[in-house]
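Scroll down for the structure; my scribbles are underneath it.
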Amino acid sequence: MSQLLITGGAGFIGSHTCVILLDAGHDLIVLDDFSNSSAEALVRVAELAGVELGSKRLSLQRADIRQTSALEQLFAAAQSRGCPIEAVVHFAGLKAVGESVQNPLHYWDVNVGGTVSLVKAMQEFGCRTLVFSSSATLYGYPDEVPIKEGAPIQPINPYGHTKAAVERLLNDLAASAPEQWRIACLRYFNPVGAHPSGRIGEDPLGRPNNLFPFVSQVAVGRRPEIEVFGGDWPTADGTCIRDYIHVMDLAEGHRAALSTLLQEPPQVLTLNLGSGHGASVLDVIQAFETACGRPIPHSIQQRRPGDAAITVADPAAAKERLGWSTRRNLHDICRDGWAWQSANPSGYGPGPASA
Ligand code: UD1
């Protein structure tokens with residue numbers, strides 16, 4: 001099996017994908033700067049996959065994606081060991097919408113500049129297979145749901161603009177040498193849940209921005225209640241509807257995309273990764289209450305600026321192109337999310353994640 005570079009492999013989606021890729025037999029080099037992740041996640045990835053951290057199966061390089069020289073050294077070292085990096089799965093990036101509005105330059109620098117730095121190093125070392133973490137955020141307020149990949153790209157915040165810009169860059173790059181590049185842009189809907197062991201999961205820095213980690217932290221007693229942003233949306237119960245996808249399904253989607261890219265002729269694959277099912281904020285709270293067996297205090301508050309009423313994926317293209325679809329539902333998501341949060345009330349523990 002091949003050697004892969006996983007940027008941002010210690011993060012939420014990266015760590016779960018590492019477990020799946022190790023199980024599939026790949027050797028992994030993880031590059032992470034731990035700006036929003038914990039090295040402990042990789043210790044646990046190694047334990048779950050039954051490999052040794054620091055071995056040929058799973059090694060770690062602490063570096064910032066923007067340091068092209070660090071990337072070049074990493075590609076060169078792999079080549080000189082006789083096992084060149086065959087493909088890159090690129091998770092490293094910033095993802096907080098509000099922060100991107102406050103500091104757009106930083107978002108463009110890390111998300112776009114970081115990707116430029118990465119693909120430069122890839123190009124130099126003849127590595128031309130890339131799976132990129134894109135986001136359904138680039139659909140903005142969708143004109144139609146379920147959302148197909150051909151829907152207009154109309155991001156409404158700097159974070160979304162950086163995702164759209166990277167997709168554009170990767171398409172331009174592929175068009176310059178279409179016989180060489182194998183690229184997948186995977187547009188995630190709402191990744192949630194955790195590994196069923198409860199050993200790895202989402203550990204946001206400080207106050208969570210997203211619904212799921214907030215609900216889990218209320219359930220475990222870290223926060224008193226959850227504010228539901230708006231009860232007057234045009235939906236059955238008045239709260240927003242999203243397509244929540246179990247992070248293990250998402251991780252399996254990466255494995256499927258990678259194996260399709262490696263087997264088929266060079267191409268750019270742009271695919272939604274979602275379940276195709278919508279759940280409202282109140283559905284999530286109720287399902288989580290069932291999973292944890294305790295009430296989750298919540299109150300209806302003002303709408304949050306920038307929210308769309310309903311976003312749900314049309315996942316048909318991923319099914320057709322990758323033979324992949326989600327296998328886990330909201331119940332599984334809440335059960336596994338609770339297994340993680342209840343066993344790790346403070347996430348990975350002391351360090352940035354405990355704020
Ligand atoms: C958000 C981002 C999106 C990003 C995604 C990553 C915004 C506007 N969008 O998506 O760009 O790709 O996270 O996962 O930030 N909610 C509450 N109370 C809360 C938190 C959330 O009611 O404390 C509601 C929101 O209004 C929304 C739903 O829960 O209706 C889901 O919110 P969230 O988890 O933040 O995801 P998105 O907004 O869909």
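Ligands are counted one by one from 1 in listed order, and the atoms in each one are counted from 1 as well.
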Heavy-atom contacts under 4.0 Å between Tyr188 and ligand 1: side chain, backbone, both, or neither?
neither
Counting from 1, what ligand 1 atoms have a heavy atom of Phe229 closer than 4.0 Å?
16 (N), 17 (C), 18 (N), 19 (C), 20 (C), 21 (C), 22 (O), 23 (O), 26 (O)
Purely on distance, is any nitrogen or oxygen of Asn157 under 3.5 Å from one on ligand 1?
no
Which residue and atom name correspond to the protein heavy atom nearest atom 4 (C) of ligand 1, and how close is it?
Tyr159 CE2, 4.0 Å
Ligand 1 atoms nearer than 4.0 angstrom to some heavy atom of Ser135 are 12 (O)
For atom 10 (O) of ligand 1, what is the closest protein heavy atom, and at what distance to 0.1 Å?
Asn190 ND2, 4.0 Å
Which is closest to atom 21 (C) of ligand 1 in terms of heavy atoms, Leu211, Val192, Asp307?
Leu211
Please state which part of Ile226 comes within less than 4.0 Å of ligand 1, counting heavy atoms only: side chain, backbone, both or neither.
side chain
Numbering as shown, the atoms of ligand 1 that approach Glu227 to under 4.0 Å (heavy-atom distance):
17 (C), 18 (N), 19 (C), 22 (O), 23 (O)
For atom 2 (C) of ligand 1, what is the closest protein heavy atom, and at what distance to 0.1 Å?
Val97 CG2, 3.5 Å
Looking only at protein heavy atoms, identify the closest one to atom 24 (C) of ligand 1 and say how far it is in Å.
Val281 CG2, 3.8 Å
Distance filter under 4.0 Å to Val228 heavy atoms, resulting ligand 1 atoms
22 (O)
With a 4.0 Å cut-off on N to O distance, would you call Arg187 and Glu149 a salt bridge?
no
Which ligand 1 atoms, with their elements, are less than 4.0 angstrom from a heavy-atom of Cys240?
30 (O)
ring-ring contact (aromatic ring centres under 6.0 Å, His included) filter on Phe132, not counting sequence neighbours, yields His90
For residues 292-301, please give each side-chain donor-acceptor pair under 3.5 Å, one per line with the distance, not counting sequence neighbours.
unit_1 : atom_1 : unit_2 : atom_2 : d
Arg294 : NH1    : Ala219 : O      : 2.9
His298 : ND1    : Ile296 : O      : 2.8
Ser299 : OG     : Glu225 : OE2    : 2.9
Ser299 : OG     : Gln301 : NE2    : 2.8

Among all protein heavy atoms, pick the one closest to atom 33 (P) of ligand 1 and tell me residue, atom and distance.
Asn210 ND2, 3.5 Å
Below a 4.0 angstrom heavy-atom separation, can you tell me which part of Val284, side chain or backbone, both or neither, approaches ligand 1?
neither
Looking at Val110 and Gly93, what are the two nearest heavy atoms and their distance?
CG1-CA, 4.3 Å
According to the interplanar angle, ranging from 0 to 90°, do the rings of Tyr159 and Tyr107 count as parallel (below 30°), tilted (30 to 60°) or perpendicular (above 60°)?
perpendicular
Does Arg303 make a cation-pi contact with Trp233 (under 6.0 Å, within 45 degrees of the axis)?
yes
Can you say whether the rings of Phe288 and Trp338 are parallel (under 30°), tilted (30 to 60°) or perpendicular (over 60°)?
perpendicular
For atom 39 (O) of ligand 1, state which one of Arg303, Glu202, Lys163, Arg242 supplies the nearest heavy atom.
Arg242
For atom 32 (O) of ligand 1, what's the nearest protein heavy-atom neighbour? Residue, atom name and distance, please.
Arg304 NH2, 3.5 Å
Identify whether the distance between the nearest side-chain nitrogen and carboxylate oxygen of Arg321 and Glu264 falls below 4.0 Å.
yes
Are Thr162 and Asn111 close enough, and set up right, to give a side-chain hydrogen bond (donor to acceptor under 3.5 Å, both in side chains), and what steps lead you there?
CA-CA 6 Å; Thr162 65; Asn111 291 1; 3.1 Å; yes
Give me the atom names and distance for the closest heavy-atom approach of Val247 to Ile13.
CG2-CA, 4.1 Å
Under a 3.5 Å distance rule, please check whether Tyr348 uses its side chain to pair with a backbone N or O of Gly201 as donor and acceptor.
yes
Looking at Thr137, which atoms of ligand 1 are within less than 4.0 Å of one of its heavy atoms?
3 (C), 11 (O), 12 (O)
Identify, by atom number and element, the atoms of ligand 1 in contact range of Asn209, meaning under 4.0 Å from any of its heavy atoms.
20 (C), 35 (O)
Between ligand 1 and Tyr244, can you find any atom pair, the residue atom being a heavy atom, that is separated by under 4.0 Å?
yes
So is Arg242 actually on top of Phe189's ring, under 6.0 Å and inside 45° of the axis?
no
